[in-house]
Participant: 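Can you read through this structure? Questions will come right after.
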4 protein chains.
Amino acid sequence: VSAAPVLTAPVQVRFADLDPLGHVNNVQFLAYMETARVAFIHEHGGTLRRSVLVARAECDYRREISGSTRSVDVTITVESVGRTSFVVRHVISDGGAEAAVGRVVMVAIGDDRRPRPITDEERISLLGSPA
Amino acid sequence: VSAAPVLTAPVQVRFADLDPLGHVNNVQFLAYMETARVAFIHEHGGTLRRSVLVARAECDYRREISGSTRSVDVTITVESVGRTSFVVRHVISDGGAEAAVGRVVMVAIGDDRRPRPITDEERISLLGSPA
Amino acid sequence: VSAAPVLTAPVQVRFADLDPLGHVNNVQFLAYMETARVAFIHEHGGTLRRSVLVARAECDYRREISGSTRSVDVTITVESVGRTSFVVRHVISDGGAEAAVGRVVMVAIGDDRRPRPITDEERISLLGSPA
Amino acid sequence: VSAAPVLTAPVQVRFADLDPLGHVNNVQFLAYMETARVAFIHEHGGTLRRSVLVARAECDYRREISGSTRSVDVTITVESVGRTSFVVRHVISDGGAEAAVGRVVMVAIGDDRRPRPITDEERISLLGSPA
């Protein structure tokens with residue numbers, strides 16, 4: 001049994017992400033989470049890489065990310081794996097402080113874009129163990 | 001007592017919203033919701049217009065929005081109003097079918113960007129009644 | 001000989017398009033142009049619809065588009081058609097005043113994504129006449 | 001006389017930047033250029049930092065940036081400085097190959113958002129010399 005995979009990726013803040021309140025627009029937080037999640041799935045998702053859809057997303061905004069922030073860190077872990085879906089946890093940190101926490105439910109899909117069972121290999125890959 | 005305000009706004013799909021799966025990227029759903037929510041708050045938010053922040057967002061994705069969709073309809077209602085925050089419900093419809101449902105918690109803020117109580121007038125404006 | 005096709009499409013301004021200067025970010029002007037250009041090519045591009053790439057874009061910014069603008073109008077015409085490319089002219093109007101003028105060179109591509117000659121039919125479709 | 005300032009900044013590619021052609025959408029190239037340009041002006045723009053607007057942008061697209069590219073490099077130099085404006089050159093490199101070259105004309109503005117003369121200090125700061 002190996003440890004559950006964790007990926008922390010820096011995500012760059014762009015001027016175009018800022019809104020008239022002078023901070024990163026709430027919508028962009030999801031793009032930051034996606035950028036790190038895609039890297040995670042690329043590395044730890046095995047055959048899921050090209051066959052997942054977002055079924056649900058949630059984000060708790062804890063702190064504003066100001067225009068002077070050049071990059072944030074997004075840490076990705078998989079909370080749980082179900083029959084056809086899995087839950088990804090995202091923590092966005094700005095200078096060490098938690099700026100947001102997000103949870104996204106991803107569904108495994110087949111060539112017909114319908115949900116399909118997650119294989120044992122994929123499960124182990126996401127969780128680092130068969131549990 | 002008047003009816004609770006409801007706003008349905010068309011939101012245009014842009015080519016740049018689409019991703020390699022040929023559908024609207026999940027992140028953009030939040031921009032669609034925001035576009036209609038801003039119009040709602042402009043019309044029914046009274047003095048809240050310039051003094052709200054997003055505290056939490058959730059979105060359930062029900063159907064993909066394909067690249068051939070030119071515009072969707074977003075319907076906004078206020079579910080509830082608390083002491084310093086209120087909950088906005090968003091339904092995104094694509095050709096009559098529900099594509100997504102989102103809930104966003106908005107916090108009223110003062111000039112110091114700290115939460116502040118929602119006034120009775122603002123409450124009535126959001127809900128259409130003092131309840 | 002029929003008249004050269006012209007398309008004027010409304011393009012919606014989103015809150016997320018605004019930047020800390022309280023106006024539409026310069027990058028989004030290109031998304032506005034693209035939204036109308038895609039509609040134009042869909043209608044007047046014939047078989048070019050799925051086989052074009054952007055080779056060059058230019059935009060002259062004449063006026064800021066403020067956060068209170070709900071939608072702009074983008075007018076599309078084809079300036080000229082060459083052997084493998086054509087030039088699209090875009091005018092963005094905000095309340096009747098010219099906000100920007102853009103020119104984009106589009107290249108026709110084959111299945112190999114290499115430039116390929118524009119057919120006579122495509123030329124006539126874009127220009128409304130064989131000239 | 002010191003050398004003209006040059007800044008090369010990595011700019012991260014996000015999944016949401018990709019379009020149905022599986023490459024970075026043409027619009028996002030301008031966001032990449034802006035991200036590096038803002039860093040350049042922050043470092044070398046002196047008092048121009050908070051008082052510039054984009055007057056014109058051009059971009060020549062040389063190569064597609066594919067979805068497997070994680071980050072590109074954007075190199076910024078100032079080509080020339082006029083009375084109230086200056087020209088910024090941007091080169092976007094992807095794995096050492098030139099993906100795009102852009103030129104943007106920036107205008108110095110005063111508190112009234114009207115063009116104002118560029119000071120000698122600003123000129124020297126941008127160019128590294130009074131020339």
Side-chain angles (χ1 to χ4, degrees), chain B residues 9-38 50 53-74 90-95 97-104 111-113, chain D residues 9-38 50 53-74 90-95 97-104 111-113:
Chain B
V11 175
Q12 211 173 11
V13 173
R14 299 178 187 165
F15 183 76
D17 297 339
L18 306 175
D19 71 20
L21 286 81
H23 65 188
V24 173
N25 182 264
N26 71 91
V27 175
Q28 296 303 329
F29 282 63
L30 268 85
Y32 295 1
M33 302 193 324
E34 181 182 55
T35 298
R37 186 176 66 243
V38 166
R50 300 238 133 232
L53 288 183
V54 173
R56 176 175 165 80
E58 355 171 314
C59 183
D60 284 295
Y61 301 84
R62 301 273 163 82
R63 273 165 202 271
E64 303 179 62
I65 302 174
S66 86
S68 58
T69 296
R70 290 295 178 82
S71 109
V72 294
D73 284 310
V74 183
H90 316 64
V91 178
I92 303 180
S93 299
D94 178 6
E98 216 169 81
V101 176
R103 291 167 78 250
V104 169
D111 289 340
D112 57 358
R113 287 205 178 183
Chain D
V11 175
Q12 213 174 10
V13 174
R14 300 178 187 165
F15 183 76
D17 297 339
L18 306 175
D19 71 19
L21 285 81
H23 64 189
V24 174
N25 181 263
N26 70 91
V27 175
Q28 296 302 328
F29 282 63
L30 269 86
Y32 295 1
M33 301 192 326
E34 181 182 54
T35 298
R37 186 176 66 242
V38 166
R50 301 238 131 232
L53 288 183
V54 174
R56 177 175 164 79
E58 347 171 323
C59 183
D60 283 295
Y61 300 85
R62 301 272 164 83
R63 273 164 202 270
E64 303 180 61
I65 301 174
S66 86
S68 59
T69 297
R70 290 294 177 83
S71 111
V72 293
D73 285 310
V74 183
H90 315 65
V91 177
I92 302 180
S93 300
D94 178 7
E98 216 168 81
V101 176
R103 290 168 78 251
V104 169
D111 289 341
D112 57 358
R113 287 204 179 184

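Every heavy atom of this structure was used, including side-chain atoms; hydrogens, water molecules and symmetry mates were not. So that the names make sense, note that chain A is the first sequence line, chain B the second, and so on, each numbered from 1. The structure presented is a predicted model; accordingly, all values stated were derived computationally and were not measured.
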Participant: According to side-chain hydrogen bond (donor to acceptor under 3.5 Å, both in side chains), who are the partners of D/Asp94, at least two apart in sequence or on a separate chain?
Facilitator: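 D/Asp94: side-chain hydrogen bond (donor to acceptor under 3.5 Å, both in side chains) contacts with D/Thr69.
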Participant: Kindly check if the number of other-residue, nucleotide or ligand heavy atoms within 6.0 Å of CG (B/Asp112) is above 12?
Facilitator: yes
Participant: Counting neighbours of CZ on D/Arg63 that are heavy atoms of other residues, nucleotides or ligands and sit closer than 6.0 Å, is the number greater than 12?
Facilitator: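 Open.
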Participant: Can you sort out the partners of D/Ser66 under side-chain hydrogen bond (donor to acceptor under 3.5 Å, both in side chains), two or more places apart, ordered by chain and number?
Facilitator: D/Ser68
Participant: So which bits of residues 17-31 of chain B come within less than 4.5 Å of chain D, counting non-hydrogen atoms only?
Facilitator: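 If one takes a 4.5 Å heavy-atom cut-off, the residues of residues 17-31 of chain B near chain D are B/Leu18, B/Asp19, B/Pro20, B/Leu21, B/Gly22, B/Asn25.
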Participant: Name all residues meeting the side-chain hydrogen bond (donor to acceptor under 3.5 Å, both in side chains) criterion together with B/Arg62; count only those two or more places apart in sequence or in a different chain, and write none if there are none.
Facilitator: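 Checked B/Arg62 against side-chain hydrogen bond (donor to acceptor under 3.5 Å, both in side chains); matches are B/Glu98.
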